[in-house]
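Shown next, in structure tokens, is the structure this report addresses.
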Amino acid sequence: MSSSRRSFGRAGKALRAWQAGQWLVAGLGALATAVAVGVPTDVVPTPLFGRSVPVQWWNYPALALTAVLAGLVLSTYVRPPVSPPGASPATQPPGTVRDGRMGALGGVLSFFAVGCPVCNKLVLVLLGSSGALSYWAPLQPLFAVASVALLAEAALRRLSTWSQCPVVPAPNAGVPGA
């Protein structure tokens, strides 16, 4: 086995071994992410929010990729009904927390990437409306790429270590008073 924590082969093997429940969580996680990021940024049009600047063409694929990858990362935290073949209950290796942080950072970056540049209060305070349009708006596609890259890396790392470090229940889980 490779010493690297990243492996497309192991990630693919993990995805092929997923049960229906894990795919359901991935789908629901993707939907929840699309709503949580898309509605407040008005990429998903609703009467609740509006934009001063029209949605750009790249906002849609950025939101879709963010949602799918976030759903996959979320689903790696769900324990399958049975352990994968050959897996032993092991503790998670160092760095697994960092993988989760990469996924969270990717989700936050996507919110800034697809959001209206002049609707972001933090950007308005720091740059003003003309600065938001002149400096922030051109950077947003880079934030989208960074967001997708971080989420893809987190998913790849989480899936690559899935069979070696499965999510197992706590020793006293479900025991009252324990």
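As the structure is a prediction and not an experimental result, all values here were calculated from the model. Computation of the quantities below employed the complete heavy-atom set of this structure, encompassing side-chain atoms and omitting hydrogens, waters and symmetry-equivalent molecules.
- Without hydrogens or angle criteria, Gln22 side chain to Gln19 main chain gives a donor-acceptor distance under 3.5 Å.
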For residues 131-145, dump all side-chain donor-acceptor pairs below 3.5 Å to protein atoms at least two apart in sequence or in another chain.
| unit_1 | atom_1 | unit_2 | atom_2 | d |
| --- | --- | --- | --- | --- |
| Ser134 | OG | Ser130 | O | 2.9 |
| Gln140 | NE2 | Phe112 | O | 3.0 |
| Gln140 | NE2 | Ala113 | O | 3.2 |
| Gln140 | NE2 | Gly115 | O | 2.6 |

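- Side chain of Ser75 to backbone of Leu72: no donor-acceptor contact under 3.5 angstrom is found.
- Through direct or relayed side-chain contacts under 4.5 Å between Ile, Leu, Val, Met, Phe, Trp and Tyr, Leu156 connects to Phe8.
- Shown here for Asn59 and Arg51, the closest heavy-atom pair between the two residues is OD1-NH2, 3.9 Å.
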Show which side-chain atoms of residues 24-48 pair as donor or acceptor with protein atoms under 3.5 Å away, not counting sequence neighbours.
| unit_1 | atom_1 | unit_2 | atom_2 | d |
| --- | --- | --- | --- | --- |
| Thr33 | OG1 | Gly29 | O | 2.8 |
| Thr41 | OG1 | Val37 | O | 2.6 |
| Thr41 | OG1 | Gly38 | O | 3.3 |
| Thr46 | OG1 | Leu48 | N | 3.4 |

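- With sequence neighbours left out, the ring pair (Phe, Tyr, Trp, His ring centres under 6.0 Å) criterion links Trp23 to Trp18.
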Please list, one pair per line, the donor and acceptor atoms closer than 3.5 Å that link side chains of residues 117-129 to other protein atoms, with sequence neighbours excluded.
| unit_1 | atom_1 | unit_2 | atom_2 | d |
| --- | --- | --- | --- | --- |
| Asn120 | OD1 | Leu122 | N | 3.0 |
| Asn120 | OD1 | Val123 | N | 3.3 |

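- Atoms CG and CG, on Leu150 and Leu109 in that order, are 6.0 Å from each other to the nearest 0.5 Å.
- Screening residues 27-64 for ring-ring contact (aromatic ring centres under 6.0 Å, His included) gives no qualifying pairs among residues at least two apart or on separate chains.
- Here the closest heavy-atom approach between residue Val73 and residue Leu151 is recorded as CG2-O, 3.8 Å.
- Counting only heavy atoms from C-beta outward, the side chains of Val114 and Thr66 never approach each other to under 4.5 Å.
- Taken from OG in Ser160 to NZ in Lys13, the straight-line distance is 12.0 Å, to the nearest 0.5 Å.
- There is a side-chain donor-acceptor pair under 3.5 Å between Thr76 and Arg158.
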